[in-house]
**Student:** 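Please read through the structure below; I'll follow up with questions.
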Amino acid sequence: WGGFGHISVAYIATNFVSPATTTFFQSLLRNDTGDYLAGIATWADSVRYTKWGRFTSDFHFIDAKDDPPRYCGVDFDRDCKKDRGCVVSALHNYTTRLLDADLRESERAIAAKFVVHFIGDIHQPLHTENVERGGNGIPVKFDGRNLNLHHVWDTSIVEKLVGGIRRKPYEAAKKWADELTQEINEGKYASKRISWLRSANLSDPIATAMEWATEGNAYVCTTVLPEGPKAIVGQELGSEYYEAAAPVIEVQVARAGYRLAAWLDLIVASLK
Ligand code: DCM
Ligand code: DCM
Ligand code: DCM
Ligand code: ZN
Ligand code: ZN
């Protein structure tokens, strides 16, 4: 996701975590405001092109070598690069480090920032797809602008859906997160929220992350590339395509925020 998606996921999680989880992460991240998660949600993107952060650049995605729209699917052994890792192995690594009380606090804070970010990214369907580097190599149009398909899914659709995210992104994200929180608590997602946590198992972060990755990757076949990668090249995506994509982005952001809260709660509960 672009910054707005990550910040929105963080605010949804902030709405759902337990009081003990709030206290733990406010202390670890040295921020006792309501922005303690939102404020670090995009940090991982800011380090991926730095000298220190180069080794993390492949941690934001898993390149599923499937064949949309014919078949979708993610396979850890096939798709997670052995030498460089992927979003699934990164979630395992940084969850383990967050749980490791022998690590320096600064290292556990870094791990927390990566976990918050990568649970967001694993829910972006094109972060679980190999075709054209997750759609980065597919030129399209969106409301007349020339963009690539990945950017449309990271940013353009959300921007059109929510509106005004450029002027005051944190305020707009908080407002959208509160609306999605309401939908999870008593709206269109209320009957689904228990099932959203079914896969969450702190004893097996790889299996958990693979379930989340597989669910998001299925949208590549149904909604992202319903007629395949060639058919979408140069197409205008601001109308009918947008109408089908926006609900998928909305549910994926809601799931990411709700699951992030549950994951952080499981981590804090297992520390005592
Ligand atoms: N590291 C990692 N994953 C990688 C590469 C490195 O977790 N794909 C970690 C292992 C080391 C640190 O980063 O603790 C620095 O690695 P190196 O000394 O290999 O640069
Ligand atoms: N690191 C990591 N994952 C690991 C080990 C290390 O991301 N499993 C990163 C975070 C640390 C850096 O590498 O800041 C240096 O770690 P080390 O001191 O273990 O080389
Ligand atoms: N990306 C992806 N899959 C890839 C390569 C990149 O999902 N195989 C994502 C990471 C960023 C965006 O695409 O969100 C742009 O990546 P880059 O700047 O590396 O081109
Ligand atoms: Zn992206
Ligand atoms: Zn990212």
Side-chain angles (χ1 to χ4, degrees), residues 1-9 28-29 40-66 68 72 74-75 78-140 142 147-159 165 205-206 209 212-214 216-217 219-220 224-225 229 237 245 248-249 252-253 256:
W1 306 112
F4 185 82
H6 286 288
I7 295 164
S8 301
V9 168
L28 184 64
L29 298 167
I40 55 86
T42 64
W43 175 83
D45 278 331
S46 72
V47 300
R48 53 189 294 224
Y49 301 111
T50 67
K51 188 162 171 259
W52 176 84
R54 272 185 63 138
F55 75 98
T56 67
S57 64
D58 286 359
F59 295 177
H60 298 253
F61 52 84
I62 181 166
D63 279 340
K65 283 147 207 83
D66 52 6
C72 274
V74 193
D75 182 317
R78 180 191 63 188
D79 300 325
C80 192
K81 298 188 186 87
K82 297 293 168 294
D83 48 338
R84 300 182 51 89
C86 67
V87 68
V88 174
S89 60
L91 267 173
H92 181 213
N93 178 42
Y94 292 113
T95 297
T96 305
R97 289 172 73 82
L98 193 39
L99 286 164
D100 185 349
D102 292 333
L103 280 183
R104 282 200 305 276
E105 203 174 9
S106 58
E107 289 295 338
R108 294 174 80 191
I110 288 171
K113 295 179 199 183
F114 280 131
V115 168
V116 169
H117 186 88
F118 295 145
I119 289 187
D121 271 344
I122 203 170
H123 285 81
Q124 207 282 48
L126 280 170
H127 280 239
T128 57
E129 177 52 53
N130 179 60
V131 165
E132 290 290 343
R133 291 175 292 114
N136 278 288
I138 301 180
V140 296
F142 194 84
L147 299 167
N148 74 65
L149 183 65
H150 190 94
H151 184 272
V152 166
W153 277 82
D154 265 354
T155 305
S156 311
I157 296 167
V158 180
E159 187 164 341
I165 75 172
I206 298 271
W212 297 344
T214 300
N217 164 271
Y219 291 115
V220 176
V224 181
L225 295 169
L237 306 184
V248 170
I249 283 177
Q252 286 300 91
V253 167

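When reading the values below, keep in mind they use all heavy atoms of this one structure, side chains included, and skip hydrogens, waters and symmetry mates. Just so you know, ligand 1 is whichever comes first in the structure, and atom 1 is the first atom listed for that ligand.
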**Student:** State whether the shortest distance between N or O atoms of Y94 and N or O atoms of ligand 2 falls below 3.5 angstrom.
**Tutor:**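 By distance alone, the answer is yes.
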**Student:** Identify the closest protein heavy atom to atom 15 (C) of ligand 3: which residue and atom is it, and at what distance?
**Tutor:** N136 OD1, 3.6 Å
**Student:** Does H60, backbone or side chain, put an N or O under 3.5 Å from an N or O of ligand 3?
**Tutor:** no
**Student:** Do you see an N/O/S atom of H60, backbone or side chain, under 2.8 Å from the Zn ion (ligand 4)?
**Tutor:** no
**Student:** For the Zn ion (ligand 4), which N, O or S atom of H127 is at the shortest distance?
**Tutor:** NE2
**Student:** Within less than 4.0 angstrom of ligand 2, does F55 place any heavy atom?
**Tutor:**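 Judged by the 4.0 Å heavy-atom criterion, F55 does count as contacting ligand 2.
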**Student:** Below a 4.0 angstrom heavy-atom separation, can you tell me which part of D154, side chain or backbone, both or neither, approaches ligand 3?
**Tutor:**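 Side chain only.
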**Student:** Tell me which protein heavy atom sits closest to atom 12 (C) of ligand 3, plus the residue, atom name and distance to 0.1 Å.
**Tutor:** H150 NE2, 3.4 Å
**Student:** Look at the N, O or S atoms of H151, main chain and side chain alike, and state whether any lies under 2.8 Å from the Zn ion (ligand 4).
**Tutor:**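 H151 does not place any N, O or S atom closer than 2.8 Å to the Zn ion (ligand 4).
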**Student:** For the Zn ion (ligand 4), give me the closest N/O/S atom belonging to D154, just the atom name.
**Tutor:** OD2
**Student:** Check each of F59, F61, Y49 against atom 2 (C) of ligand 3 and report the one with the nearest heavy atom.
**Tutor:** F61
**Student:** For atom 8 (N) of ligand 3, what is the closest protein heavy atom, and at what distance to 0.1 Å?
**Tutor:** D63 OD1, 2.9 Å
**Student:** With respect to atom 19 (O) of ligand 3, which of H127, R48, R133 exhibits the smallest heavy-atom separation?
**Tutor:** R48
**Student:** Walk me through whether V47 and K113 qualify under side-chain contact (heavy atoms from CB on, under 4.5 Å).
**Tutor:** CA-CA 11 Å; V47 300; K113 295 179 199 183; over 6 Å; no
**Student:** Identify, by atom number and element, the atoms of ligand 2 in contact range of N93, meaning under 4.0 Å from any of its heavy atoms.
**Tutor:**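 That gives atoms 2 (C), 3 (N), 4 (C), 7 (O), 8 (N) of ligand 2.
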**Student:** Can you list the atoms of ligand 2 that are under 4.0 Å from a heavy atom of E107?
**Tutor:** 10 (C), 11 (C), 14 (O)
**Student:** Looking at the Zn ion (ligand 4), is one of the N, O or S atoms of D121 less than 2.8 Å from it?
**Tutor:**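 No.
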